[in-house]
Amino acid sequence: MGAAGNLLVIDATVVTPSDDLPARSLPLTFFDVKWLRPPPVQRLFLYRLDRQHHHGTAQQLVSDLRRSLSMVLTLFYPLAGHVRLTPGTDRYELFYQPGDGVAFTAAEYDVHVDDLASCSDDEPVPVAKLAPLLPPLPKGRAVLAVQATVLLGGSGLALGITLHHSACDGASSTHFLHTWAAACAGVDMPPPPVIDRTLIADPKNLYGIYTKGMVPSDGAEIEFAGTSLASYPADQLLATFTLSQELLRGIKDALAAEAARHGAATMPFKCSSLIAAYSFIWSCYCRAKQSQNLVDDGDRTKTTYFLFSVDHRTRLDPPVPKWYLGNCLGPAIAAARHDELAADALGGLFAAFTAIADALEEAVGEGARDRWDGCVERVKEAVKAGVLSVAGSPRFGVYDVDFGFGRPAKVDIVSVAKTGAMSMAEGRGSLGGVEVGISLPPAGMDRFRRCFSDGIRAVGGK
């Protein structure tokens, strides 16, 4: 797998919106402030370049990226700003003023694209080899930074995106990326973002509940968590596991058979491909931990958790537009005993599915919004006890982010190496399905790969 390569920074600039815009402030909602303390999301797009894209042409692509980013920031101007306390208050806002912009780093890296975007599924890559391609956020609570890196010999181009979650969620951030890609490629852009935080009503003062104790009494502001290379664990690996449509059908069939074996005439909850993937990975993850003796005997009967987000844009009253720029996510928290999840492959799979289905029903069912006041504390309890969380979604279409030089060869959410989450994206190949990114130390990764293969055999996959 090799060691990390050498990164040479060619240029570091600040890209400002192409149009002159006045100072503007955007208040954070209760959906936004939940994300002030967690670290930013760091997503890496790896593109293979044709032979016609020699080194000089690759540098031109970097210039095109910089130019088109300036155009798109006129539409997504809050991403050029920074988070601050609104003067004279204890409430946070996203503030833009003339001169603000996005830190844009142009670099070269002496690693070939094929060493970063392995063609082999589940082949791990050292996180230390990927981390130099991701920019840190500048000090001052900026919310977005970009790095475009030409890879060895012009073999590829890496686009690293660091975006703080307090500014917007995955639906919004990928809307921004699709818009930027279209502007760079010279094709029709998606609809512009809807920038209006008054669309999020807060009659129960959830903002105050969520930020209780968050603003220091001396008026100091929250500093964002670090995003430097040093903040990544030294021995972490990152690997992608693909669940094809055929495998997902096998998982659903296996779950239906288990439900029947448990005496249920029908499935307790409709099993979507996403829930099937969640259930499969969570059960594999717990079996891998137990087999590696990472779970003490006294913890085997304790509750462990699985945390995923639900988009509430269409569920609010009135609904929030699809292109709303901001956060509109609520947590769904599945809970199950570790020994039940880590049982044999089918038993663990069914235990995971049942818990996840119950969590989804609780998150979107009747009376769900009446429980929002306690969601932050429930998440904290889950994290303290032990949780596997989810970053990304197959619905975001990250493999369609084409800046005019082809679709990505690989997309990773590298920040899962720090957060311990699993990443999700749509499958790259003709088999469709979903991709799951897992980051573990070498021994843990070997065990997870074996549990993943065992799980495939248990559901009749190949």
Side-chain angles (χ1 to χ4, degrees), residues 14-29 31-32 35 40-41 43 45 64-83 92-104 142-146 148 159 161-201 309 311-329 392-393 395-404 407-408 411 426:
V14 174
V15 177
T16 57
S18 57
D19 290 357
D20 292 330
L21 301 174
R24 294 171 178 174
S25 63
L26 198 62
L28 299 193
T29 73
F31 281 125
D32 302 318
W35 299 101
V41 178
R43 190 180 262 112
F45 292 80
D64 292 342
L65 288 169
R66 188 186 292 111
R67 173 189 51 79
S68 53
L69 175 60
S70 178
M71 295 169 51
V72 172
L73 285 177
T74 297
L75 299 173
F76 289 84
Y77 69 86
L79 301 185
H82 62 278
V83 172
Y92 283 91
E93 66 181 9
L94 193 50
F95 179 68
Y96 169 83
Q97 60 185 347
D100 283 350
V102 172
F104 187 104
V143 295
L144 176 63
V146 173
L159 186 63
I161 309 293
T162 299
L163 181 61
H164 203 273
H165 216 313
S166 61
C168 62
D169 56 22
S172 289
S173 65
T174 49
H175 176 210
F176 159 71
L177 290 169
H178 283 287
T179 306
W180 180 16
C184 188
V187 299
D188 291 341
M189 294 192 297
V194 176
I195 303 176
D196 183 2
R197 299 288 166 95
T198 65
L199 295 170
I200 306 297
S309 295
D311 191 331
H312 288 291
R313 282 170 171 78
T314 61
R315 296 184 172 94
L316 296 180
D317 185 18
V320 172
K322 176 182 179 180
W323 307 114
Y324 169 77
L325 178 64
N327 286 282
C328 204
L329 300 177
S393 169
R395 301 186 179 97
F396 294 160
V398 292
Y399 282 103
D400 291 327
V401 177
D402 183 350
F403 289 87
R407 290 159 56 90
V411 182
E426 75 275 18

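- Residues meeting the ring-ring contact (aromatic ring centres under 6.0 Å, His included) test with F176, sequence neighbours left out: F76, W180.
- The list of salt bridge (charged side-chain N to carboxylate O under 4.0 Å, His left out) pairs with a residue in residues 163-181, not counting sequence neighbours, reads D169-R313.
- Applying the salt bridge (Lys or Arg N to Asp or Glu O under 4.0 Å) criterion to R24, with sequence neighbours excluded, gives no partner residue.
- In terms of the side chain to side chain donor-acceptor pair (under 3.5 Å) criterion, residue partners of T29 (sequence neighbours excluded) are, by chain and number, D32.
- Scanning for side chain to side chain contact (heavy atoms under 4.5 Å, CB included) contacts around A183 gives S68, M71, V72, M189, with sequence neighbours left out.
- Residues satisfying the salt bridge (Lys or Arg N to Asp or Glu O under 4.0 Å) criterion with E93, sequence neighbours excluded, are R84.
- Partners of D402 by salt bridge (Lys or Arg N to Asp or Glu O under 4.0 Å), not counting sequence neighbours: none found.
- Between G81 and L94 the shortest heavy-atom distance is C-CD1, 4.5 Å.
- Under the side chain to side chain donor-acceptor pair (under 3.5 Å) criterion, T314 pairs with no residue at all, not counting sequence neighbours.
- Remark: F95 pairs with H82 by the ring-ring contact (aromatic ring centres under 6.0 Å, His included) rule, at least two apart or across chains.
- Residues satisfying the ring-ring contact (aromatic ring centres under 6.0 Å, His included) test with H165, not counting sequence neighbours, are W35.
- Partners of R407 by side chain to side chain donor-acceptor pair (under 3.5 Å), not counting sequence neighbours, listed by chain and number: D400.
- Residues forming a ring-ring contact (aromatic ring centres under 6.0 Å, His included) with F31 (at least two apart in sequence, or on another chain): W372.
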